[in-house]
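This report concerns only the one structure given below.
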Amino acid sequence: MKKYLPALALDVVLVIVFCAIGRRSHDEANALTGLATTAWPFLSGLAVGWLATVALYRDKFDAFLIVPTGIVVWLSTLVVGMLLRVASGQGTAFSFIIVAGTVLAVFLLGWRAVAKIVTKTRATT
């Protein structure tokens, strides 16, 4: 499991970057506390996705796979994140859900796709 810590760390960093970009684009104040307020629901969703994938695919778990790991992590980050935002009184406008879903997909699935391409390229050379 230790070999997957870099993948988990990258997912965490990308979720935080997503939240920071969102806060920055809306000129939100209170940099660190505001970022923490925005990020915790999505980081919780990320944790749910990782735990679910590890539990469901224990013997075949691979953090670098787009399917199932990337998809489960992305959807959990989005859905659980939005549900926790609702529960905590934060906004979940439809346009925000679309933007969040798109950006999180690009981030959480994108790096896995790049890793797959790089791995295949190295294997063929």
Side-chain angles (χ1 to χ4, degrees):
M1 195 64 187
K2 248 183 175 178
K3 68 181 179 178
Y4 297 123
L5 285 178
L8 175 60
L10 183 55
D11 280 349
V12 168
V13 167
L14 289 171
V15 169
I16 292 170
V17 167
F18 157 70
C19 295
I21 290 169
R23 292 191 60 77
R24 179 87 169 136
S25 69
H26 294 288
D27 293 324
E28 303 273 343
N30 301 326
L32 288 178
T33 56
L35 181 59
T37 300
T38 302
W40 79 262
F42 295 107
L43 291 172
S44 298
L46 181 75
V48 168
W50 266 80
L51 291 172
T53 308
V54 169
L56 291 170
Y57 300 95
R58 182 170 309 189
D59 298 331
K60 298 182 276 184
F61 177 76
D62 185 346
F64 297 93
L65 293 177
I66 295 171
V67 177
T69 308
I71 299 294
V72 172
V73 167
W74 165 56
L75 289 174
S76 294
T77 302
L78 179 64
V79 173
V80 173
M82 291 299 171
L83 291 173
L84 290 173
R85 283 180 62 86
V86 168
S88 64
Q90 297 183 49
T92 55
F94 182 72
S95 59
F96 174 61
I97 295 170
I98 299 300
V99 170
T102 302
V103 173
L104 288 170
V106 169
F107 281 6
L108 300 175
L109 301 176
W111 79 258
R112 287 173 169 88
V114 170
K116 184 174 185 166
I117 291 167
V118 168
T119 302
K120 277 189 177 185
T121 302
R122 285 185 183 168
T124 59
T125 57

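Being a predicted model, the structure only gives us computed values, none of them experimental.
To the nearest 0.5 Å, atoms CG (Leu75) and CG (Leu109) are separated by 8.0 Å. Rounding to the nearest 0.5 Å places OG1 of Thr69 at 7.5 Å from CH2 of Trp50. Taking CG of Leu83 as the start and CG of Leu78 as the end, the distance is 9.0 Å to the nearest 0.5 Å.
Nearest heavy atom pair, residue Leu108 against residue Asp11, reads CD2-OD1, 3.4 Å. Taking every heavy atom of both residues into account, Arg112 and Leu65 meet most closely at CD-O, 3.4 Å. Closest non-hydrogen pair, Ala20 versus Leu35, comes out as N-CD1, 3.5 Å. A pairwise comparison of heavy atoms in Ala100 and Met82 identifies CB-CE, 3.5 Å as the closest pair. For the residue pair Phe64 and Tyr4, the shortest heavy atom distance occurs at CE1-CD2, 3.7 Å. For the pair Thr92 and Phe96, the tightest heavy-atom approach, listed with the atom from each and the gap, is CA-CD2, 4.3 Å.
Aromatic rings from Phe107 and Phe18 are positioned such that their centres are separated by 6.0 Å or more.
Atom CG of Leu5 sits in a crowded spot, with more than 12 heavy atoms from other residues, nucleotides or ligands closer than 6.0 Å.
Under a hydrophobic-cluster definition in which Ile, Leu, Val, Met, Phe, Trp and Tyr are linked whenever side-chain heavy atoms come within less than 4.5 Å, directly or via other members, Leu56 and Val79 are assigned to different clusters. The hydrophobic cluster containing Val73 also contains Ile71, counting ILVMFWY residues as joined when their side-chain heavy atoms lie under 4.5 angstrom apart, directly or transitively. The hydrophobic cluster containing Val80 does not contain Phe94, counting ILVMFWY residues as joined when their side-chain heavy atoms lie under 4.5 angstrom apart, directly or transitively. Note: the hydrophobic cluster containing Val99 also contains Ile21 (ILVMFWY, side chain heavy atoms under 4.5 Å, direct or indirect links). If you chain together hydrophobic residues whose side chains sit under 4.5 Å apart, Leu10 and Val103 fall into the same group.
Between Phe42 and Leu104, some side-chain heavy-atom pair lies under the 4.5 Å cut-off. For the pair Leu43/Thr77, no side-chain contact is recorded, criterion being any heavy-atom separation below 4.5 Å from C-beta on.
With Ser88 contributing its side chain and Arg85 its backbone, the two residues share a donor-acceptor pair below 3.5 Å. Remark: the backbone N or O of Leu14 is not paired with any side-chain donor or acceptor of Trp111 at under 3.5 angstrom. A donor-acceptor pair under 3.5 Å links the side-chain atoms of Gln90 to the main chain of Thr37, judged by distance alone.
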